[in-house]
There are 2 protein chains.
Amino acid sequence: MTATQIDHTDYRILQLLIEDSTLSHKDIGALVHLTGQAVGARIRRMRELEIIEGYTIHWNPLRIGQNIHAFITVFLSTKSDHLPFQEFAKAHDNVAEVHRISGEGCYWMRVRTVNQEALNALLDELLVYGNYRVNLDMGQIK
Amino acid sequence: MTATQIDHTDYRILQLLIEDSTLSHKDIGALVHLTGQAVGARIRRMRELEIIEGYTIHWNPLRIGQNIHAFITVFLSTKSDHLPFQEFAKAHDNVAEVHRISGEGCYWMRVRTVNQEALNALLDELLVYGNYRVNLDMGQIK
DNA sequence: CGGTTCTACTTTCAGCCGGAAAGGAAATGA
DNA sequence: TCATTTCCTTTCCGGCTGAAAGTAGAACCG
């Protein structure tokens, strides 16, 4: 069995859903020349294959006062710090995304806070587990 | 919450939609003690305020053969490299996200490719504009 | 105090969507 | 050739969404 079993039509449906997941199956069907039910079946299949993991919204953090957007590389010194750090990151509301990484550093994470103070508070908590390097987002290009 | 016009109930609705945008207004209403129609009105308002920018899906690049996920910090030496680099990044299909950053480096970007070779090819192209540091995603924690 | 206005909610209703079930067409293999 | 599988279409019903109309409460003001 190959890694993926998705044809061109599936891929088009996927792209349409990424752009706007409120499109009705019927409308998608009109674009890919299928009935809404056939589109529904393909989408269901992609969910079962875990190509589609869920439905969500695209939202603007700036509009609700989440003014700081930071990329943080975390450096952990001891093995025993990993699990506690992961738990910390999972539990912290301001941590939007966390990845284990290769290369310099152990983890990369995306953090959003209302202001600099809140970011500093988070960084202080982070010191318990290890060191970090911070890059602030100064504007999204893409 | 902030200087913006959104109250705690709006925020809860927002969180619920981020988690699962297929929740019916009615079900959301049951959780925040409103009717489905009232929830619908609040969501509509958040769309008008551009807090909610759109509906999309959460999908898994690995399942369709996008096996490499890398975080790249880009270092540009001369001012004149910035615009060409930005154009390059915008045009390149494998570049999923780009931000101007403060701190070490000039830009941060997220790249997905089918394999190591494709990543190397991209990195070669990148050398035209400046230097870079690569971190490979070894697994998403959150 | 009474009247006006505004905001946010609920109720009601019509139309549309999505999933299930049943059936058809094309490809595959014994 | 027939059986099987896959993928599609058609049909149908329950449930959701959005619009419209009505209601309750707060704020404001003469």
Side-chain angles (χ1 to χ4, degrees), chain A residues 1-67 93 96 112 114, chain B residues 1-67 93 114:
Chain A
M1 194 190 284
T2 56
T4 63
Q5 292 156 308
I6 139 168
D7 66 14
H8 183 61
T9 303
D10 287 321
Y11 190 67
R12 286 178 66 198
I13 293 173
L14 193 62
Q15 285 179 321
L16 288 166
L17 287 177
I18 290 169
E19 237 176 85
D20 180 7
S21 66
T22 63
L23 285 171
S24 72
H25 296 176
K26 190 182 171 187
D27 288 346
I28 293 173
L31 294 169
V32 301
H33 306 300
L34 287 174
T35 58
Q37 288 78 355
V39 171
R42 281 170 177 268
I43 290 175
R44 213 173 305 127
R45 191 170 137 276
M46 287 196 276
R47 295 212 64 164
E48 279 155 15
L49 292 173
E50 290 176 326
I51 292 166
I52 295 175
E53 295 181 336
Y55 288 72
T56 185
I57 54 173
H58 184 211
W59 60 290
N60 189 336
L62 297 181
R63 302 266 178 190
I64 61 164
Q66 298 277 91
N67 296 304
D93 277 347
R112 292 186 199 278
V114 291
Chain B
M1 186 113 307
T2 61
T4 59
Q5 321 76 324
I6 120 171
D7 66 13
H8 183 62
T9 302
D10 288 321
Y11 189 68
R12 286 177 66 197
I13 293 172
L14 193 62
Q15 295 293 338
L16 288 167
L17 287 177
I18 290 169
E19 242 177 80
D20 180 7
S21 66
T22 64
L23 284 172
S24 72
H25 297 175
K26 189 182 173 187
D27 288 346
I28 293 172
L31 294 169
V32 302
H33 306 298
L34 288 174
T35 58
Q37 288 76 357
V39 171
R42 280 170 178 270
I43 290 175
R44 216 170 303 130
R45 192 169 137 275
M46 287 195 278
R47 296 213 63 164
E48 279 156 15
L49 292 173
E50 290 175 325
I51 292 166
I52 295 175
E53 295 180 336
Y55 288 72
T56 185
I57 55 172
H58 184 211
W59 61 290
N60 189 337
L62 297 181
R63 303 271 178 187
I64 59 166
Q66 298 279 89
N67 296 303
D93 277 347
V114 290

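Per chain, numbering begins at 1; letters A, B, ... match sequence-line order.
Protein atom CE of B:Met46 is 13 Å distant from nucleotide atom P of C:dA8, rounded to whole Å. Taking atom CG on A:Asp27 and atom P on C:dG18, their separation rounds to 9 Å, with Å as the unit. Computed from coordinates, the A:Arg44 CZ to D:dC7 P distance equals 13 Å when rounded to whole Å. The nearest whole Å value for the distance from the CZ atom in B:Arg47 to the C1' atom in D:dT17 is 14 Å. Taking atom CG of residue A:Leu23 and atom P of nucleotide C:dC16, one finds them 17 Å apart after rounding to whole Å. Note: CD1 (A:Ile13) to C1' (D:dC8) measures 13 Å, nearest angstrom. Distance A:Arg45 CZ to C:dG19 C1': 18 Å, rounded to the nearest Å. Summarising the geometry, the separation between CD on B:Gln37 and C1' on C:dC13 is reported as 10 Å, rounded to the nearest angstrom.
Between D:dT9 and A:Thr35, a contact under 4.0 Å exists linking OP1 or OP2 to a side-chain N or O. At the phosphate of D:dG18, OP1 or OP2 sits under 4.0 Å from a side-chain N or O atom of B:His25.
For the pair B:Ile43/B:Ile52, a side-chain contact is recorded, criterion being any heavy-atom separation below 4.5 Å from C-beta on. Under the 4.5 Å side-chain criterion, counting only non-hydrogen atoms from C-beta, A:Val39 is not in contact with A:Lys26.
Listed for the A:Asn67 side chain is a donor-acceptor partner under 3.5 Å among the backbone atoms of A:Gly65.
For A:Leu34, whose side chain is taken as the heavy atoms from C-beta onward, the closest listed nucleotide among D:dT17, D:dT9, C:dG18 is D:dT9. Checked against C:dA20, C:dC9, D:dT17, the side chain of B:Ala38 finds its nearest nucleotide in C:dC9.
Using a 4.0 Å cut-off between a side-chain N of Lys or Arg and a carboxylate O of Asp or Glu, A:Asp7 and A:Arg12 do not qualify as a salt bridge.
In terms of position along DNA chain D, the nucleotide closest to A:His33 lies nearer the 5' end than the nucleotide closest to the other residue of the pair B:Lys26 and A:His33.
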